[in-house]
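So that the names make sense, note that chain A is the first sequence line, chain B the second, and so on, each numbered from 1. Remember, predicted model here, so these are calculated numbers, not experimental data.
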Amino acid sequence: MAPVVSTLQERLRDALVRIGLEPDERPQVSATTDPRFGDYQTNVAMTYAKRAKQNPRALAGRIVAALQVSDLGPAPEIAGPGFINFRLGADFLARQVAEMARDERLGVPVASPAKTIIIDFSSPNIAKPMHVGHIRSTILGDTLARVSRFLGHQVVTDNHLGDWGTQFGKVIYGWKNLLDHDALEQHPVAELVRIYREADAAAADPRVLDRCREELVKLQQGDPENLRIWQECVSRSMQEFSRVYQLLDVHFDEQLGESFYHARLAALTAALQKEGVLEESDGALVYWAHSLSDDPFIIRKSDGGFGYAATDLATLFYRLERWQPDAIWYVVGAPQQLHFKQLFSLARRLGVKIDLEHVAFGSILGEDRKLMRTRSGDSVSLDELLEEAIERAAAPVAEKNPDLPAAERRRIAEIVGLGAVKYAELSQHRLTDYVFSWDKLLSLHGNTAPYLQNAYVRSRAIFRKLPGTFAFPDTLAFTAEAELKLAKALVQFADAVPAILDGFRPNVLANYLYELAAVFHVFYEECPVLSAPEPQRAVRLALCETFGRVTRAGLGLLGIGVPERM
RNA sequence: GCGCCCUUAGCUCAGCCGGAUAGAGCAACGGAUUUCUAAUCCGUGGGUCGCAGGUUCGAGUCCUGCAGGGCGCGCCA
């Protein structure tokens, strides 16, 4: 089956050709915002009238006369200045829902052509805790990967770890002089942070600062002792990160951190110099993109060291070589826009043609509208935040389902609590700075994960009470208005999923799922299922099942699970 | 100072390439339940889409200017 919008676009294209116009590949068609205007609308008559200097309503009349859509529903209507409104017929919707139910993909088409896409996201820093700042990158990147894969693209997810920076001078100094081994065993990252902070404070003394620098230089020169300490920091940090990733159900194909590229930087710089794209400035080697900024892109620092500009460029070339991707997406916060513009500018200059995207996002704010912090002023650690989400979600579960075993309740609380945190991110436009509020994201009302999960649970409860097994009917016949509305909403899934990648907006899918759940709730209120006579009962069960599958699949694309009860 | 982003209902936010009378949730008020999980649904009130111009048949959406807010701005990442 084809998504409704694609079908209408196709028919529209044929009609435009028939009346002698040259249509776009995908003439504008969209679902209407108001049911009075039908289910779908197009304004092509007005846009073409403008080009051809014709009367828009007259042109709309010619288009409608040439349109062959009688299998989809009643004849389209012309309204207002030249809108063409389509209404889907009950029999078309019935066929469409039955077809989507037979399809494992629920009607979502496979993208063509399939692309190879590298998604760079999460990227926490070694020896620092993962905090709320990392959650958006992690969750957004994971969702984009899930959606891209579902659409048939070849995806490589890469966690570009911050495992090679100047902070290691202080960390190693701290390790050698300040380390508490018991604390390291108990809370590795916390202890690494502590020694870093103390070393940082001690570095106010120039002698300590010098020793920190020496440790860094030794590390960079391959000193075995310092390499061992560094490796130890990496593995202990990774253990903690892995727990968070496991909790979030986030997985990477590669975790090639900055250190992986370290050995390549000197040769890369030499190659860039040969290309003549670098200039010397105050002892540093820089690339200027004056149209972007008066500030340079520093490839090699005046002390001969390399910053992350060099690393990111080396990373880009490594990826080109290894995977020959069609696109690389960097899921990194909005403050780094200039960095990526400069990086991409230099890459273009060097002949890179593939699609490079900085998928930027806004900050997470506390309820005081400032960057989210703990009471003591630290950034909020991610594992604590996730644990709190689970604990908070556990309370209503225990209240509603006290008879469930504790382990089962915990599992449900994880699905609900973690889902709520993820959904709060994803349901919002990615560039919006969003205000973190436990009460809002865990609310059972409004556009939240628990609301959607509850709608799913209600649809599933029906099947538990159903005597015998349910066989999806070959044909459906809708009788109630609420059934038709639910069918119309279900059929839109096929258009909602591909739209996510258009502008990297998972909130499009979230909003769709929310509206779908609201429509389902109306159906649920108005249409008794189990007590309905056949064949109505089978039709309603079919709608419940399809709703459940769409919700499960849709939330799954957002990395969010659904419980069977809650 | 320069650059990027933002400003939509009391609050938190949707609003794709310009399309019809700008939508949700929360909060407020009024209804519906011997439940297929009411963790729900229905209804009411609430708007100069920051301000001022411009382009257009049509602007929350595009352009210019201004105001307010956030972020970034040479050797951190």
- Task: Enumerate the residue pairs fulfilling ring pair (Phe, Tyr, Trp, His ring centres under 6.0 Å) with a member in residues 415-441 of chain A, sequence neighbours excluded, ordered by first and then second residue.
- Result: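 Qualifying pairs: A:Phe436-A:Trp438.
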I'd like the [atom1] distance from [M] over to [N], given in whole Å.
N: B:C63; M: B:C26; atom1: P; answer: 35 Å
N: B:C11; M: B:G18; atom1: C1'; answer: 30 Å
N: B:G53; M: B:U61; atom1: P; answer: 14 Å
N: B:G68; M: B:C51; atom1: C1'; answer: 10 Å
N: B:G10; M: B:G70; atom1: P; answer: 22 Å
N: B:A27; M: B:U40; atom1: P; answer: 11 Å
N: B:U48; M: B:C42; atom1: P; answer: 27 Å
N: B:C4; M: B:G65; atom1: P; answer: 11 Å

Point to revise | Residues in side-chain contact (heavy atoms from CB on, under 4.5 Å) contact with A:Cys544, at least two apart in sequence or another chain | key: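 Per chain and number, A:Cys544 pairs via side-chain contact (heavy atoms from CB on, under 4.5 Å) with A:Ile462, A:Phe463, A:Phe520, A:Phe523, A:Val529.
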Taken in chain and number order and not counting sequence neighbours, the residues that satisfy side-chain contact (heavy atoms from CB on, under 4.5 Å) with A:Thr138 are A:Ser122, A:Met130, A:His134, A:Tyr245, A:Leu248, A:Val250
Under 4.0 angstrom, heavy atoms only, what part of the nucleic acid is [X] near: base, sugar-phosphate, or nothing?
X: A:Asp433; value: sugar-phosphate
X: A:Leu530; value: base
X: A:Val435; value: sugar-phosphate
X: A:Val522; value: sugar-phosphate
X: A:Pro335; value: sugar-phosphate
X: A:Gln337; value: sugar-phosphate
X: A:Tyr451; value: sugar-phosphate

Between [X] ([atom1]) and [N] ([atom2]), how many Å, whole number?
X: A:Leu486; N: B:C41; atom1: CG; atom2: P; value: 14 Å
X: A:Phe547; N: B:C36; atom1: CZ; atom2: P; value: 18 Å
X: A:Leu426; N: B:C13; atom1: CG; atom2: C1'; value: 15 Å
X: A:Asn454; N: B:C36; atom1: CG; atom2: P; value: 15 Å
X: A:Leu431; N: B:U7; atom1: CG; atom2: P; value: 10 Å
X: A:Gln536; N: B:C36; atom1: CD; atom2: P; value: 16 Å
X: A:Leu442; N: B:C26; atom1: CG; atom2: P; value: 15 Å
X: A:Gln342; N: B:C4; atom1: CD; atom2: P; value: 13 Å

Counting only side-chain N and O atoms of [X], is one of them less than 4.0 Å from OP1 or OP2 of [N]?
X: A:Lys400; N: B:A39; value: yes
X: A:His445; N: B:U40; value: yes
X: A:Lys465; N: B:U37; value: yes

request  = Assess the side chains of A:Gln536 and A:Thr479: does a donor N or O sit below 3.5 Å from an acceptor N or O?
outcome  =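 Checked: A:Gln536/A:Thr479 side chains pair up, N/O donor to acceptor below 3.5 Å.
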Atom pairs under 3.5 Å: protein N/O with N/O of nucleotides 75-77 of chain B:
from	atom 1	to	atom 2	distance (Å)
B:C75	O2	A:Ser302	N	2.6
B:C75	O2	A:Ser302	OG	3.4
B:C75	N3	A:Ser302	OG	3.1
B:C75	N4	A:Asp282	O	3.1
B:C76	OP2	A:Lys301	NZ	3.1
B:A77	OP2	A:Tyr308	N	3.3
B:A77	O3'	A:Glu258	OE1	3.2
B:A77	O3'	A:Glu258	OE2	2.1
B:A77	N6	A:Tyr308	OH	3.3

Whether each nucleotide of nucleotides 14-24 of chain B has a protein heavy atom under 4.0 Å at its base (B), only at its sugar-phosphate (S) or at neither (-) is summarised, 5' to 3', as SSBBBBBB--S
Tightest non-hydrogen contact, residues A:Tyr173 and A:Ala199, listed as CD2-CB, 3.8 Å
Contacts of A:Asp163 meeting side-chain hydrogen bond (donor to acceptor under 3.5 Å, both in side chains) (sequence neighbours excluded), chain-then-number -> A:Ser259
Residues passing the side-chain hydrogen bond (donor to acceptor under 3.5 Å, both in side chains) test with A:Ser345, sequence neighbours excluded, are A:Tyr287
Restricting to pairs with a member in residues 425-447 of chain A, which pass salt bridge (charged side-chain N to carboxylate O under 4.0 Å, His left out), not counting sequence neighbours?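 Residue pairs passing salt bridge (charged side-chain N to carboxylate O under 4.0 Å, His left out), neighbours aside: A:Arg136-A:Glu425.
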Quick note, salt bridge (charged side-chain N to carboxylate O under 4.0 Å, His left out) partners involving residues 530-541 of chain A, not counting sequence neighbours, are A:Glu483-A:Arg540, A:Glu534-A:Arg537
The complete set of side-chain hydrogen bond (donor to acceptor under 3.5 Å, both in side chains) pairs with one or both residues in residues 521-532 of chain A, sequence neighbours excluded, reads A:Tyr451-A:His521, A:Arg458-A:His521
Here the helical stems involving RNA chain B, each at least 3 consecutive Watson-Crick or G-U pairs closer than 3.5 Å, sorted by first residue number, are B:1-7 with B:67-73, B:10-13 with B:23-26, B:28-32 with B:40-44, B:50-54 with B:62-66
Protein-nucleotides 59-61 of chain B N/O pairs closer than 3.5 Å?
none

Query - Test item: A:Thr311 side-chain N/O and A:Gly307 main-chain N/O as donor-acceptor pair under 3.5 Å - result: yes
Considering only heavy side-chain atoms of A:Lys440, the closest of B:A39, B:C11, B:C41 is B:C11
d(A:Leu486 CG, A:Thr546 OG1) to nearest 0.5 Å is 8.5 Å
Over 12 non-hydrogen atoms of neighbours within 6.0 angstrom of CZ in A:Arg565
no
